[in-house]
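A short worksheet on the structure shown next.
Ligands are counted one by one from 1 in listed order, and the atoms in each one are counted from 1 as well. Here the structure is a predicted model, which is why all the values come from computation and not from measurement.
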Amino acid sequence: MALVEVQVPDIGDFDEVTVIELMVKVGDTVKAEQSLITVESDKASMEIPSSTAGVVKEMRVALGDKVKQGSIVLVVEAAGAAAPAAAPAAAVAASAPAPAAAPVAAAPAASGPVQVFVPDIGDFKDVAVIEVMVKPGDTIKVEQSLITVESDKASMEIPSSAAGVLKELKVKVGDTVNIGDLLAVLEGTAVAVAPAAAVAAAPVAVASAPAAAQTPVAAAAAAVAAPAHAPGGNTVGLPHASPSVRKFARELGVPLDEVKGSGLKGRITADDVQAFTKAVMSGAAQTKAQAAKAPAGGGGSELGLIPWPKVDFAKFGPIERKEMSRIKKISGANLLRNAVMIPAVTNHDDADITDLEAFRVSTNKENEKSGVKVTMLAFLIKACVAALKKFPEFNSSLDGDALIYKQYYHIGFAADTPNGLVVPVIKDADKKGVLQISQEMGELAKKARDGKLGPADMSGATFTISSLGGIGGKYFTPIINAPEVAILGVCKSTMEPVWDGKAFQPRLMLPLSLTWDHRVIDGAAAARFNAFLGQILSDFRRVLL
Ligand code: CAO
């Protein structure tokens, strides 16, 4: 069996392209025309196919290598007696046809409106517009990509044949286009170039697509760019994004395979790359590489701390190892981040709930038959909404250097379940009465205990209350549920002697512990928040004020 060196075929007149993906490895059996690697320039990416069938014996390129026509990609032990294709150019079949000329050309113009049409993008029809890269008002350069189109096997960017200000865009995402379709109208400021000439002028636009004969759309890539990055294609592992987006991601150092695409068919857009970067920079997300640096269980090395003590507990007595529940693992990671990242302070205070508790007990007696039990927590939720309205920064979230003030009041409450702590959310608590809140809380707490809470039940909270009142304790320091900026901890109320100026009176006192983010809230505001909350709880009529 013959060893055959598979070379990079004629990929057009650009010098060196970067290997961005290896699609096979030593030991793999490859078919003739099977894609081996993906290469990419500034605007185009393409797959390099094998000129012969056989078993891969040696890889001669690595990720990041620069290759050009004639570079050896790998060595294959050719299958059977079949002779390998003699020359790389032959191996990749026909080169793409030269882009067609004038018919689709825009009329050259020194100024005034210039129409831009879809150039000759090969012999395929009705390709879908999957990305629009410009908007009216943008200043467009000749050769600037306007839209990305995609068939089931290839995607490519369609460049502008003229320069000018974009007046009108004639297509939108989801449309299908063909050669000659009107794409855009520019207010021309420069001489328009016929598309064919424009395409030829683009350094990366003249690549003869490999395997053009097998994939008609690849021929189109010869005209303007990138083949085959459709999901479900043979480009397993390669993110679904246009070459310019991939270039953008590379420039920022963004691992594209970790970015979630919001475009058609999950395509990653430049906005997605930007949003990912923002999330990582703000600490809201981590790249896999960052996560890998943090040892499991939070070893502390990422904070420059000494490692977590590793003790062989069995040396000291019998032990049993049990995996933590999924909820505990998830909430643990969140709690750790919130405890470490938020400069949190806790203010403790007491609220006199003597009258409120009497009212609650009598209401429950009156409502005995309704089946809805009014809880102290429901009153607390209502009282907190009033305090949040008075002190809006407690209902805000940090967004970089700005604060997002939420004009809705969704209150989370910590619920203890056999599997761990969860936080269901009472939505629009400001619009609900105490009875309705009590009823919803009962339903959500049951769902929580039964492990049936869905993501919608637990999202969107603007402030959280953690009540240990039914259990006991005096005060504690709850951890803020980021991106919220404050949380109220509540403990068990007890009858205490309170001095009224003349004598000690027995009053039912509720311990409150308010933890707040010092980046957003000051101590004075926190003290005022607690004092206001105390006033409301001692005389609930104030909620109406
Ligand atoms: N002071 C005194 N008694 C209180 C009280 C308080 N602050 N809050 C509740 N109680 C009483 C109730 O009146 C009830 O008494 P009765 O049965 O005699 O009527 C009893 O305690 C049980 O209340 P509950 O806990 O069932 O109801 P709730 O509305 O107070 O709380 C829920 C519901 C879901 C918050 C609670 O079941 C729970 O899970 N609490 C734990 C939350 C938690 O773990 N927080 C810590 C998070 S940090 O790790």
For atom 49 (O) of ligand 1, which protein heavy atom lies nearest, and how many Å away is it? Leu421 CD2, 4.0 Å

Going by heavy atoms in the side chains, are Leu453 and Thr417 under 4.5 Å from each other? no

Polar-atom distance check: Arg449 versus ligand 1, any N or O pair below 3.5 Å? no

Hey, is Glu258 close enough to Lys260 for a salt bridge, meaning N to O under 4.0 Å? no

Under 3.5 Å, is there a donor on one side chain and an acceptor on the other for His410 and Thr462? no

What atoms in ligand 1 come closer than 4.0 Å to a heavy atom of Leu510? 7 (N)

With heavy atoms and a 4.0 Å threshold, my read on which part of Ile479 contacts ligand 1 is neither

Could you check atom 21 (O) of ligand 1 against the protein and tell me its nearest heavy-atom contact, residue, atom and distance included? Gly470 CA, 3.1 Å

With a 4.0 Å cut-off on heavy atoms, is Pro478 touching ligand 1? no

Could you tell me whether Asp428 and Lys432 make a salt bridge, using a distance below 4.0 angstrom between a side-chain N and a carboxylate O? no

Quick check: are there more than 12 heavy atoms from other residues, nucleotides or ligands sitting under 6.0 Å from NZ of Lys329? yes

Quick check on atom 7 (N) of ligand 1 - does any protein heavy atom sit closer than 4.0 Å to it? yes

Would you say atom 18 (O) of ligand 1 touches the protein, meaning some protein heavy atom is under 4.0 Å from it? no

Name the closest protein heavy atom to atom 31 (O) of ligand 1, giving the residue it belongs to and the distance to 0.1 Å. Leu377 CD2, 4.0 Å

Heavy atoms from other residues, nucleotides or ligands near CD of Gln407 exceed 12 (cutoff 6.0 Å): no

4.0 Å heavy-atom contact, Ser438 with ligand 1: no

Are Lys474 and Glu496 ion-paired here, with the side-chain N under 4.0 Å from a carboxylate O? yes

So, for atom 12 (C) of ligand 1, does the protein have a heavy atom nearer than 4.0 Å? no

Within a radius of less than 6.0 Å around CZ of Arg337, do more than 12 heavy atoms belonging to other residues, nucleotides or ligands occur? yes

I need the contact type for Arg360 against ligand 1. Using non-hydrogen atoms and a strict under-4.0 Å cut-off, is it side chain, backbone, both or neither? side chain

Any side-chain heavy atom of Thr148 within less than 4.5 Å of one from Arg267? yes

Enclosure of Arg326 CZ (heavy-atom neighbours >12, cutoff 6.0 Å): no

Can you check side-chain contact (heavy atoms from CB on, under 4.5 Å) on Leu403 and Leu398, steps first, answer last? CA-CA 5 Å; Leu403 275 185; Leu398 267 170; 3.9 Å; yes

I need the nearest protein heavy-atom contact for atom 43 (C) of ligand 1: residue, atom name and distance, please. Leu468 CD2, 3.6 Å

Looking at ligand 1, does any of its N/O atoms fall within less than 3.5 Å of an N/O of Ser466? yes

Please write down residue, atom name and distance for the protein heavy atom closest to atom 14 (C) of ligand 1. Lys373 NZ, 4.0 Å

Atom 27 (O) of ligand 1: nearest protein contact (heavy atom, Å): Thr375 CG2, 4.7 Å

Ligand 1 and Cys491, any nitrogen or oxygen pair closer than 3.5 angstrom? yes

Within 6.0 Å of CE in Met281, more than 12 heavy atoms from elsewhere: no

Just wondering, more than 12 heavy atoms not from Phe359 lying within 6.0 Å of its CZ? no

Identity and distance of the protein heavy atom lying nearest atom 39 (O) of ligand 1: Asp416 N, 2.8 Å

Yes or no, since that's all I need: does a protein heavy atom fall within a distance strictly under 4.0 Å of atom 37 (O) of ligand 1? no

Heavy atom of protein closer than 4.0 angstrom to atom 45 (N) of ligand 1: yes

Which residue and atom name correspond to the protein heavy atom nearest atom 35 (C) of ligand 1, and how close is it? Ala414 O, 3.4 Å

